[in-house]
Amino acid sequence: MDVRRFRLGISAGVIAIAVVCLSRSTAQQQTVTSRIVGAANSFLGTLDQKQRQSVLYAFDDQDQRKRWSNFPIAMVRRGGISMGEMSGIQRTAVMALLASVLSQRGIEKVQQIMDGDEVNKTTDQGPGGNRGGPGRRGGGPPGNGGPPGGPPPGNGVPPFGAGGRRGGPGNGPMFGKDLYYISFLGTPSVKDPWMLQFGGHHLALNITIAGEHGVLTPTLTGAQPALYTVDGKTVRPLGRESDKALALLNALDENQRKKAILSYELADLVLGPGQDGKTIQPEGLKATEMNERQRAMMLDVISEWAGIINESAAAARMDEIKAGLNDTWFAWSGPTTASPGKNITAYYRIQGPNLVIEYAPQTLGGDPALHVHTMYRDPTNDYGRKFIHP
Amino acid sequence: MKAVLSLGFAALVVLGRPSFAHRLDEYLQATMISVEENQVQLSMRLIPGVAVSGVVLTDIDANRDGVISEEEGHAYAERVLHETSLSLDGRRLSPRLVSATFPRIDDMKEGVGEIRIELTAEFSSLSQPQGDANRKLVFENHHDSAISVYLVNCLAPRDTQIRILSQNRNRNQSFYELDYAQSGAPGGDWLSAWESRLQAAAGNFGGAGNMFRLGMRHIAEGTDHLLFLLVLLIPSPLVSGGSRWAGFAGLQRSLTHILKVVTAFTLGHSITLALAAFGFVVLPSRPVEVLIAVSIFVSAVHAIRPLFPGREPVIAAFFGLIHGLAFAATLGQLGLQRWARLVNVFAFNVGIEAVQLVVVAAILPSLLLLSRTRAYSWFRMGGASFAAITSVGWIAERLLNAGGPVDFMVDAVAQRAVWLAGALFLASVLSWRLLPQPAPENAS
C-alpha cells in the first residue's frame with residue numbers, strides 16, 4: 001500500500017467531513033452547489049495571498065476561459081497554480097473540491113489520466129534519466145528506498161524541487177501529476193455563475209456553476225499511455241469510451257454500418273481546443289434509424305462524458321441529450337475491431353443538437369490504441385453560456 | 001559524472017521530446033467551410049508536426065532569418081491559396097486572402113504552432129435562381145501533399161435557405177465535395193424570373209427539365225460565354241471598309257448576319273459538348289478556360305479593327321467548339337449514366353440556347369438603332385476595350401491559376417445587366433433621334 005496515498009486519502013476524508021459538517025452548520029438546506037462552493041472556499045482558504053491572486057481570474061476573462069489544451073503544460077502554459085506548487089493539505093483540498101464537483105467515476109477518470117502522465121514521466125526520463133530515482137515520488141513502495149535528497153512524503157514541500165526538473169535552459173518539466181493546474185473564474189457562489197478549471201496534459205475540465213446548474217462543457221480528456229499497469233493492475237483511463245462505442249458499432253446491422261462508417265480518415269479532433277462555438281454538419285447514422293437497444297447503447301457511450309460531472313448535473317444533462325436524441329448522429333472512421341483488452345484505433349463522433357463527442361486516436365507514439373484525445377462539447381451551452389446570458 | 005549526466009539529458013531531449021510532442025511527422029491541415037448566400041468562407045488551420053516543421057519553416061521563412069516577416073507570411077498564404085482550388089457548380093471560384101496569422105517559430109518547432117489562413121470567395125447573386133437549386137461545391141487541397149494529413153468540414157449553415165445534402169471526400173480528405181440545396185429569395189432578378197417562366201414552360205420533363213435549368217444557369221453564370229457572343233455581335237450590323245469599320249449595313253443584312261453568328265456559335269458548342277459528353281474528347285479544364293478568354297480577346301480586337309470581316313460566323317463556330325468543351329466539363333461532373341446523356345445533353349444545350357436568345361433579343365434593338373448613328377463607333381470602341389481588358393485579365397488569372405478582381409468586376413457588371421441593357425436602349429433611341437446619321441451603305 002502506498003503510504004503517502006493512504007495518508008492523502010485520510011486527510012481528504014477528514015477535510016471532506018469537515019467541509020460537510022461546516023456547511024451543515026451554516027446552511028439549512030444542503031444543495032449540490034452549496035457543497036461545491038463550500039469545498040471551493042475551503043481550498044481557497046488554504047492559499048496565501050499570492051497563491052489566491054494567481055488562482056482567481058475575473059469571471060469575464062475570455063483568455064483564461066479558453067486557455068486549455070491537450071498539450072503538456074511545457075508546450076502550452078496554463079493559468080492558475082499547479083498541484084506541484086501546493087502543499088499536501090492544499091492538494092487534498094483540491095481533490096476534495098473535485099470530488100464534490102465530479103461523480104465517482106469522473107474523479108477516477110481524472111486520477112487515471114493524471115497517473116498515466118506520471119507513467120510518462122518515468123518512461124520519458126528513461127533508465128538513469130530520472131535523477132530522483134524510482135522511489136522519489138510518494139515515498140515509493142517499501143524497501144525501494146528513495147534517495148536521501150528526495151522530499152519526505154506529505155510534508156508540504158513541493159515535490160518538484162531539486163530532482164524533478166529536467167532538460168536544458170528554458171525547458172520546464174513536461175509530465176507528471178504535479179503538472180495539473182487549478183483556476184477559478186469569478187468567485188465561488190451559490191447564486192452567481194463562476195467557473196472552475198482543472199487540467200494539464202490530456203485533461204481540461206471546464207466546469208461552470210450557475211446556481212444549481214453544473215455544466216462540464218467544453219471538456220477534453222485524453223490518455224497516453226492509454227493502457228498502463230499499476231501494482232499489477234491494468235488501467236485504461238478511457239477504456240470504457242472505447243469498449244462501449246465498439247459494442248455499439250457491433251450492434252449495428254450491415255445497412256446501419258454502411259451509414260455509420262465514414263469513407264475517409266480522420267487524423268485528429270475536428271472541434272478540439274480553440275474551436276469553440278462551431279457546429280459542423282453532422283454525418284453518419286442518425287439515431288432515428290437505430291432500434292431502442294442501440295439508442296440505449298449510444299446513450300451509455302455518451303454517459304462516459306456526461307457522467308463525469310456529479311450525479312444531479314449529469315442527470316439533467318442526460319435529459320437534455322435524450323430530448324435531442326432523434327437528431328443525434330453516430331459516425332465511425334477506421335478499423336472496426338480492437339485487440340482484446342486494448343482500445344480501438346478508430347475515430348468516432350456522436351453529434352446531436354446540444355452535443356459533440358469526438359474520440360480521436362493519435363498515431364503519435366506508434367500505436368494509436370495507446371494514445372487518444374477526446375472532446376466533449378455542447379455547442380449551445382459551452383462554458384454554460386445558456387445559463388449566464390439567459 | 002557531470003558529463004554522463006549531460007549525455008543523459010541530451011538523450012532525453014532527443015528521445016523524449018518527439019515521442020510526446022503533439023504532431024510528429026505530419027502537417028495537419030484542417031479546413032472549415034462556411035457556405036452563405038453569395039459567398040464561401042474557408043478557415044484553414046495549418047499545424048506542422050515536429051519532424052516536418054523544419055521543411056515547412058524553410059518554405060515560409062524564405063530568407064532564413066528566423067523571423068516570419070509580413071511579406072513572407074503573405075507569400076506563403078498565397079502559395080497555399082494557389083495549391084488549393086474551389087469551384088461551385090463546375091465553375092472555378094477565386095478565393096481572396098482575408099488574413100493570415102503565423103505562430104511563434106519556437107511553437108512551430110515544437111509542433112504546437114498553428115498557422116491560420118482565412119479565405120473568402122464571392123459569387124454573383126445573379127446565379128441564385130428562384131426556387132430550389134442544387135449546388136455543388138468542390139474544395140481540393142494539394143498543399144504539401146507528401147507530408148500532410150487533411151481535415152475538411154462544413155459548418156452547419158446559419159442561413160435557413162441553405163440545406164446541406166451530402167458531403168463526399170476521398171480517403172485522405174484532400175478532395176472534398178459538398179452538395180447543398182439553396183432556395184432563392186422571392187422576386188429575384190430578371191434571369192430568375194425568365195428562368196422560372198421557361199422552366200414552367202419546360203414542364204415536367206423530370207431530369208431533362210433539370211438539365212435545361214442547369215444549362216440556363218451555366219451560361220447565365222458564365223459571363224465569359226456571353227461576353228464572347230456580345231462582342232462578336234457588336235460589329236455585325238456594320239460593313240467593313242478594308243482595315244476599318246464603316247457604316248450601317250442595312251437592317252435585313254444585319255439581322256441575317258446576327259442570326260448566322262448566333263447559329264454558328266450554337267452549332268460549334270453543340271458539337272464539342274456532345275463529343276465531350278460521350279467521352280470522345282477529353283481536355284483538362286484549365287487550357288479550355290484560357291482559350292475561352294483568348295476567344296473574347298480575339299473578338300474584341302475584331303470589333304476594334306476588322307480581322308475577319310464577313311466571316312464572323314466561321315469564327316463563332318470555331319470558338320463555339322471551345323466553349324462547348326467548358327459546358328461539357330459541367331455536365332461531366334454530374335457523372336451521368338450513358339443512357340441518360342443524350343436527352344440530358346440536348347436539354348442542357350437548349351437551356352444554354354434559351355438564355356443566349358434572351359440576351360441577344362434584349363440588346364439587338366439597341367445595336368440596330370445605335371449602329372445607324374455616329375455614336376456607334378464610341379459604343380463599339382468602349383465595349384470592345386472593356387472586353388479586351390477583361391479577357392486579358394482572365395487569361396492572366398487562368399494561366400497563373402490566381403484569383404483576381406476580374407471575376408468580381410464582371411460579376412458586378414453582370415448583376416446590373418438589366419439596368420445596363422435598359423440604359424443602352426434609351427441611349428440608342430436618343431442617339432438615333434438626335435444624332436445625324438451617316439448614309440447607309442456609305443463605306444467612305
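Per chain, numbering begins at 1; letters A, B, ... match sequence-line order.
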Could you pull out the closest heavy-atom pair between A:Tyr264 and B:Gln173, with the gap in Å?
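Heavy atoms only, the tightest pair is CD1-NE2, 3.1 Å.
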So, for B:Leu151 and A:Leu269, which heavy atoms are closest and what is the spacing to 0.1 Å?
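Looking at all heavy atoms of both residues, the shortest contact is CD1-O, 3.7 Å.
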Could you tell me if the side chain of [Y] sits less than 4.5 Å from the side chain of [X], heavy atoms only?
X: A:Met75; Y: B:Asp107; value: no
X: A:Asp268; Y: B:Glu26; value: no
X: A:Gln281; Y: B:Leu178; value: no

Checking [X] against chain A: side chain, backbone, both or neither under 4.5 Å from a heavy atom?
X: B:Arg45; answer: side chain
X: B:Asn170; answer: backbone
X: B:Leu155; answer: both

Enclosure of A:Lys278 NZ (heavy-atom neighbours >12, cutoff 6.0 Å)
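Enclosed: over 12 neighbouring heavy atoms sit under 6.0 Å from NZ of A:Lys278.
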Hey, could you give me the CD/CD1 distance between B:Gln167 and A:Ile280, rounded to the nearest 0.5 Å?
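Here the rounded value is 8.0 Å.
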Does this structure show an ion pair linking A:Glu265 with B:Arg169, if we count only N-O contacts that are shorter than 4.0 Å?
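Looking at B:Arg169 together with A:Glu265, the answer is no, because their closest N to O distance does not fall below 4.0 Å.
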